[in-house]
**Q** 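Below: one structure in structure tokens.
Throughout, numbering of the chain's residues begins at 1 and tracks the sequence. Order of appearance sets the numbers: ligands from 1, and atoms from 1 within every ligand. Just so you know, these numbers use all the heavy atoms, side chains as well, and skip hydrogens, waters and symmetry mates.
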Amino acid sequence: MEYFDNYFLHYLNKREDFDRFYLQQGVLDYLKEEKARGRIRNLGFSYHGDVPFFEYLMDNFSWDCTLIQLNYQDWNEETETPEGTRIMGSLYRKAAEKGVPCFVMEPVRGGRLASLPESAEKLLKEREPNRSIASWAIRFAASQPEVVTVLSGMSDLNQVVDNINTLSDFKPLSKTDQMVLQKANGNAVALQAVACTYCRYCMPCPYGVDIPGNFKVYNDWAASLGFLDEDRKPSEKQKAEFLRHYRNSIEKSARADHCIRCRKCLELCPQHIDIPAEMRKIDTIVQDCLNASGRGKI
Ligand code: SF4
Ligand code: SF4
């Protein structure tokens with residue numbers, strides 16, 4: 001090929017870096033020249049910073065496209081990043097205000113929105129029995145008028161086929177669909193104990209802890225209980241079920257008690273989960289369940 005259809009400045013997240021590399025060192029001018037020569041058709045950037053920097057980029061420069069994270073669960077939520085606070089809906093709305101077409105990354109939130117707690121899935125299945133749970137996330141992103149492309153990481157053929165089916169003969173979410181999705185999401189968020197997407201960016205833990213595995217067992221248990229708070233304690237039977245599930249799912253050497261709180265995983269987690277604190281919580285639950293069962297160790 002003699003040209004790029006879409007050329008993205010990679011991973012913009014800090015204004016000082018952008019000003020230094022792209023403005024002071026002349027890279028943006030060079031790319032504009034390449035665009036004028038026809039070697040770049042659309043010039044844009046992929047974004048990982050806070051809302052004010054995004055607004056600065058949109059208000060002060062001319063872009064043909066942008067690549068932003070967008071999913072229904074974080075649409076109105078404030079997400080704390082090392083660079084500041086981000087609200088996904090705000091990034092999209094700013095791009096739309098400027099008429100800049102959006103490419104979407106992470107529409108299924110690292111796979112987290114491919115399955116939801118039972119009560120949330122039930123709502124979506126009642127509305128669309130033949131559609132997958134992940135398809136709702138893809139449709140939410142693709143339903144936004146300024147979204148031109150939805151990028152989704154896929155790990156097997158079924159996911160490829162499902163995504164193709166979702167976007168072939170595409171039907172945007174109706175008002176009723178959106179209400180159903182909002183309700184299902186409310187249930188899912190309420191039942192989530194740890195906001196882990198199971199992306200595995202934190203792995204491997206140098207001390208062998210299976211971080212996403214521990215969170216999965218914990219989240220499944222919390223979702224099956226329908227609650228997990230100080231006032232309503234799980235029954236003996238529910239504790240025994242947790243122990244059984246934990247023992248069967250997590251190798252001895254990969255359990256939460258092996259976390260020595262070295263904190264090496266913290267900066268790797270895009271969800272900014274306090275992993276060692278959560279590991280301590282899981283270990284306390286395990287110990288509590290063990291005490292209830294009268295067993296000394298798992
Ligand atoms: S803080 Fe715990 S889970 Fe994280 S890397 Fe260290 S030992 Fe592993
Ligand atoms: S703890 Fe964070 S980095 Fe690790 S799997 Fe979960 S979301 Fe990903």
**Q** Other residues, nucleotides and ligands only: do more than 12 of their heavy atoms fall within 6.0 Å of NZ on K125?
**A**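 Atom NZ in K125 is crowded, with more than 12 foreign heavy atoms closer than 6.0 Å.
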
**Q** Which protein non-hydrogen atom lies closest to atom 6 (Fe) of ligand 2, naming both residue and atom, and how far is it?
**A**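 Closest protein heavy atom to atom 6 (Fe) of ligand 2: C196 SG, 2.3 Å.
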
**Q** Give the atom numbers and elements of ligand 1 that come within less than 4.0 Å of a heavy atom of I260.
**A**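 Counting from 1, the qualifying ligand atoms are 7 (S).
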
**Q** Using a strict cut-off of 4.0 Å, indicate which atoms of ligand 2 neighbour a heavy atom of R200.
**A**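 Those qualifying, in numeric order: 5 (S), 8 (Fe).
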
**Q** For atom 4 (Fe) of ligand 1, what is the closest protein heavy atom, and at what distance to 0.1 Å?
**A**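 Going by distance alone, atom 4 (Fe) of ligand 1 is nearest to C265 SG, 2.3 Å.
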
**Q** Checking R41 against Y3: charged group under 6.0 Å from the ring centre and within 45 degrees of the axis?
**A**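 So R41 does make the cation-pi contact.
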
**Q** State whether K94 and D59 are salt-bridged, where the test is any N-O pair (Lys NZ or Arg NE/NH1/NH2 against Asp/Glu carboxylate O) under 4.0 Å.
**A**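 Looking at D59 together with K94, the answer is yes, because their closest N to O distance falls below 4.0 Å.
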
**Q** What atoms of ligand 2 come within less than 4.0 Å of a heavy atom belonging to C202?
**A**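 This gives 1 (S), 3 (S), 4 (Fe), 5 (S) as the contact atoms.
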
**Q** Heavy-atom contacts with I211 under 4.0 Å: which atoms of ligand 1 show up? List them by number with element.
**A**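 Listed by number with element, the hits are 3 (S).
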
**Q** Quick one: which ligand 2 atoms are inside 4.0 Å of a heavy atom on I275?
**A**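 This gives 1 (S) as the contact atoms.
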
**Q** Relative to F4, does R39 satisfy both conditions: NZ or CZ under 6.0 angstrom from the six-membered ring centre, and within 45 degrees of the ring's axis?
**A**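 No, R39 does not lie over the aromatic ring of F4.
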
**Q** Parallel, tilted or perpendicular: which fits the ring planes of Y92 and W75, with parallel below 30° and perpendicular above 60°?
**A**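 Plane angle between 30° and 60°, so tilted.
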
**Q** Quick one: which ligand 1 atoms are inside 4.0 Å of a heavy atom on P206?
**A**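 By the 4.0 Å cutoff, the relevant atoms are 5 (S).
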
**Q** Can you classify the ring geometry of F242 versus W221 as parallel (below 30°), tilted (30 to 60°) or perpendicular (above 60°)?
**A**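 Ring orientation of F242 relative to W221: tilted.
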
**Q** In the protein, what heavy atom is nearest to atom 7 (S) of ligand 2, and what distance, to one decimal place, separates them?
**A**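 Sorting protein heavy atoms by distance from atom 7 (S) of ligand 2 puts T197 N, 3.4 Å first.
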
**Q** Closer than 4.0 angstrom, basic N to acidic O: yes or no for K171 and D169?
**A**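 Salt bridge flag = yes for D169 with K171.
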
**Q** Confirm or rule out an N/O/S atom of C269, from backbone or side chain, lying less than 2.8 Å from atom 6 (Fe) of ligand 2.
**A**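 No.
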
**Q** Specify the protein heavy atom at minimum distance from atom 8 (Fe) of ligand 1: its residue, its atom name, and the distance to 0.1 Å.
**A**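 The closest heavy atom on the protein side is C205 SG, 2.3 Å.
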
**Q** Could you confirm whether C262 has any N/O/S atom lying under 2.8 Å from atom 6 (Fe) of ligand 1?
**A**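 Here the distance criterion (N, O or S atom, under 2.8 Å) is met by C262, so yes.
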
**Q** Can you list the ligand 1 atoms lying under 4.0 Å from a non-hydrogen atom of R263?
**A**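 The atoms of ligand 1 under 4.0 Å from a heavy atom of R263 are 1 (S), 6 (Fe).
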
**Q** Which residue supplies the protein heavy atom nearest to atom 2 (Fe) of ligand 1, what is that atom called, and how far is it?
**A**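 The closest one turns out to be C259 SG, 2.4 Å.
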
**Q** In plain terms, say whether D64 and K35 are close enough for a salt bridge, that is, a side-chain N and a carboxylate O under 4.0 Å apart.
**A**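 Salt bridge present between D64 and K35.
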
**Q** Taking the side chain as C-beta and beyond, is there a heavy-atom pair between K216 and S249 under 4.5 Å?
**A**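 Sidechains of S249 and K216: no contact.
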
